[in-house]
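On a predicted model such as this, the values are computed, not experimentally measured, just so you know. Sequence lines set the chain letters: A, B, ... in the order given, protein chains first and strands last, and positions in each chain run from 1.
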Protein chains: 2
Amino acid sequence: MSRPLTARQQHVFDFIVKTMGEFGYPPTRAEIAKALGFRSPNAAEEHLRALERKGAIRIIRNTSRGIRLPNQEPQEVVDSTISALPAANIEASPAGLPVIGEVAAGSPILAAEHIDRYCPLPAEYFTPKADYLLRVRGLSMKDIGILEGDLLAVHRTERVRDGQIVVARLDDEVTVKRFKRQGHQVTLFAENADFAPIEIDLRSQSLDIEGVGVGVIRGGNGQALG
Amino acid sequence: MSRPLTARQQHVFDFIVKTMGEFGYPPTRAEIAKALGFRSPNAAEEHLRALERKGAIRIIRNTSRGIRLPNQEPQEVVDSTISALPAANIEASPAGLPVIGEVAAGSPILAAEHIDRYCPLPAEYFTPKADYLLRVRGLSMKDIGILEGDLLAVHRTERVRDGQIVVARLDDEVTVKRFKRQGHQVTLFAENADFAPIEIDLRSQSLDIEGVGVGVIRGGNGQALG
DNA sequence: TCGATAAGTGGTTAAGTATACAGTATGTTC
DNA sequence: GAACATACTGTATACTTAACCACTTATCGA
């Protein structure tokens, strides 16, 4: 796949995300250069090329402000799983809860390059507090009203109880399921008759719990309802 | 105070919102002109001026794609469709979107006594903007992930299209259904096989449309998930 | 009938913007 | 130490875009 971003590339990427959140449109090369202290817009241009090569952004040619964050492009994912990208860490969110789109195999969820945008809702709106919003893929939790494209509010914790909706990482894939444990045997249930439960034996398989679901948001930012 | 948008202005506005949702940045004058069939970018320019005069958008001068939807400033932002509705109006809420619980027969939805609390989310988080959140009762819309206790974000308007999720008042009861109209015959569909569609003949029965659903929130304020 | 407003066409221009080309400096890797 | 990537400076050019001017047509209320 693609290599992780360098520190400087991360700065450029962060500025793009911040600008889009703040002004509603992406920056120009000149604006990036000014913000990062470059004396030439070409420095920004080359960083953008690098970011595109690594898949962090998409560039629309010959278009002013033609920078896109590749997030809600529909993919042929069968399950409530998310796909791949590399690692880094996120600082304190400027404006609410970070919305996480695609998550990479082997990388932490809260990496800056996964963040589509921010949802201006305080973490404490949910109980226990939400740490981020995860964009759900697939319909495996359809029967309890969690649909494709919904944002699942997630509280980060490893301590989960039977019956809770958990965000788990299984074989480097992130998935949303209902949790049940009996000794060393964990079962992850889908809420959709089309999906079979997943059985994990903790003695032979690893299961990472990323957190528990504490809420759902649908319809923000252009997403259709119904 | 500003006047409501004309139909044509509404089209331009809708295109801007759609473009920002789809591409992540606002359109240029030329793109608006092409999409709406104008032969001159000036037609788009003048519409933008009109939209700005009416407070629907903000224009950043001399900036390509410098169109913003005024988010944190709920000042003179007026949607044409609201004006037609009965004005039992709530003042600009400093605390976000009002959450409506039980609605009494015969009383307007947005009456102060129905307001449980406020959800600290800007109206513009949803598109078109949400005017209030309605607590859903029953499971008639279960199949599209709207469950008992969920908060349905509602945009006040009487102008609804086939297939939209509407909040309707039928015999003084407020209900959420999928809307379909054929001449004077309106059908309200539940999204749950256990509920039959409701047929209304507009010549003999009255039907008030309170608005359209633009989003869903679940899990806030102690409400359980799953 | 008049005036105001909406909704355009058509063309121009200056500023904003993307992007190519030519360099420099500093690392890392084999 | 050659080969290569990152991270820039500096200049130049062509395309994109915002914004203005002049003019036309249609509608609507006074």
Side-chain angles (χ1 to χ4, degrees), chain A residues 1-16 19-20 23-69 86-88 112-113, chain B residues 1-16 19-20 23-69 78-81 83:
Chain A
M1 209 34 88
S2 51
R3 288 149 306 176
L5 303 185
T6 66
R8 211 65 180 123
Q9 289 165 356
Q10 187 70 52
H11 293 155
V12 174
F13 182 81
D14 289 345
F15 176 71
I16 294 167
T19 301
M20 294 182 70
F23 297 107
Y25 45 81
T28 63
R29 273 68 165 167
E31 287 164 358
I32 294 172
K34 190 178 175 192
L36 280 277
F38 308 153
R39 297 204 188 164
S40 167
N42 189 48
E45 173 71 20
E46 296 193 355
H47 273 118
L48 292 179
R49 302 274 174 130
L51 287 173
E52 190 183 36
R53 274 202 312 278
K54 295 183 178 182
I57 63 171
R58 235 190 88 202
I59 296 175
I60 291 86
R61 306 281 148 189
N62 307 313
T63 302
S64 73
R65 300 177 192 274
I67 302 172
R68 287 179 72 175
L69 306 179
E113 58 265 41
Chain B
M1 196 54 77
S2 51
R3 289 150 304 176
L5 303 186
T6 66
R8 210 66 179 122
Q9 288 165 358
Q10 187 71 50
H11 293 156
V12 174
F13 182 79
D14 290 345
F15 176 72
I16 294 168
T19 300
M20 294 184 69
F23 298 108
Y25 45 79
T28 64
R29 273 67 166 167
E31 286 165 359
I32 294 172
K34 191 179 174 191
L36 282 276
F38 309 153
R39 295 202 189 165
S40 167
N42 189 49
E45 173 71 20
E46 294 193 356
H47 273 119
L48 291 178
R49 301 276 174 126
L51 287 172
E52 189 183 37
R53 274 201 313 279
K54 295 182 179 182
I57 61 170
R58 235 190 87 203
I59 296 174
I60 291 87
R61 305 285 148 187
N62 307 314
T63 302
S64 74
R65 302 176 190 274
I67 300 173
R68 288 179 72 175
L69 306 179
V78 170
D79 188 271
S80 61
T81 52
S83 53

d([atom1], [X]; [atom2], [N]) in whole Å:
{"X": "A:Ile16", "N": "C:dA18", "atom1": "CD1", "atom2": "P", "result": "11 Å"}
{"X": "A:His11", "N": "D:dC8", "atom1": "NE2", "atom2": "C1'", "result": "15 Å"}
{"X": "A:Leu36", "N": "D:dT6", "atom1": "CG", "atom2": "P", "result": "17 Å"}
{"X": "B:Glu45", "N": "D:dC23", "atom1": "CD", "atom2": "P", "result": "20 Å"}
{"X": "B:Ile67", "N": "D:dA18", "atom1": "CD1", "atom2": "P", "result": "7 Å"}
{"X": "B:Arg65", "N": "D:dA18", "atom1": "CZ", "atom2": "P", "result": "7 Å"}
{"X": "A:Glu52", "N": "C:dA18", "atom1": "CD", "atom2": "C1'", "result": "13 Å"}
{"X": "A:Leu48", "N": "C:dA18", "atom1": "CG", "atom2": "P", "result": "9 Å"}

[N] OP1/OP2 closer than 4.0 Å to side-chain N/O of [X]:
{"X": "A:Ser64", "N": "D:dT16", "answer": "no"}
{"X": "A:Asn62", "N": "C:dT19", "answer": "yes"}
{"X": "B:Asn42", "N": "C:dG8", "answer": "no"}
{"X": "B:His47", "N": "C:dA6", "answer": "no"}
{"X": "B:Arg49", "N": "D:dC20", "answer": "yes"}
{"X": "A:Arg39", "N": "D:dT11", "answer": "no"}
{"X": "B:Arg29", "N": "D:dA18", "answer": "yes"}
{"X": "A:Arg61", "N": "C:dA18", "answer": "no"}
{"X": "B:Arg8", "N": "C:dG8", "answer": "yes"}
{"X": "A:Thr28", "N": "C:dG16", "answer": "no"}

For side-chain contact (heavy atoms from CB on, under 4.5 Å), just list the numbers for A:His11 and A:Leu36, CA-CA rounded to whole Å, side-chain angles, deciding distance to a tenth of an Å, and then say yes or no. CA-CA 8 Å; A:His11 293 155; A:Leu36 280 277; 3.7 Å; yes
Flag side-chain contact, heavy atom, 4.5 Å: B:Thr63 against B:Arg68: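 No, their side chains stay 4.5 Å or more apart.
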At under 4.0 Å between heavy atoms, what does B:Glu46 touch on the DNA or RNA strands: base, sugar-phosphate, or nothing?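 Base contact.
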Within the structure shown, what part of the strands sits under 4.0 Å from A:Ser40 by heavy-atom distance: base, sugar-phosphate, or nothing?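 Base, at least one base atom sits under 4.0 Å.
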Closer to the 5' end of DNA chain D via nearest nucleotide, is it A:Ala50 or A:Ala43?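 On the 5' side of the pair lies A:Ala50.
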Once you round to the nearest 0.5 Å, how far does [atom1] of [X] lie from [atom2] of [Y]?
{"X": "B:Ile60", "Y": "A:Tyr25", "atom1": "CD1", "atom2": "OH", "result": "4.0 Å"}
{"X": "A:Ile16", "Y": "A:Leu51", "atom1": "CD1", "atom2": "CG", "result": "5.5 Å"}
{"X": "B:Phe15", "Y": "B:Lys34", "atom1": "CZ", "atom2": "NZ", "result": "9.5 Å"}

Carboxylate-amine/guanidinium contact B:Arg61 B:Glu52, below 4.0 Å: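 Judged by the 4.0 Å cut-off on N to carboxylate O distance, B:Arg61 and B:Glu52 do form a salt bridge.
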Which is more 5' along DNA chain C, the nucleotide nearest A:Ile60 or the one nearest B:Phe38? Just name the residue.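 That would be B:Phe38.
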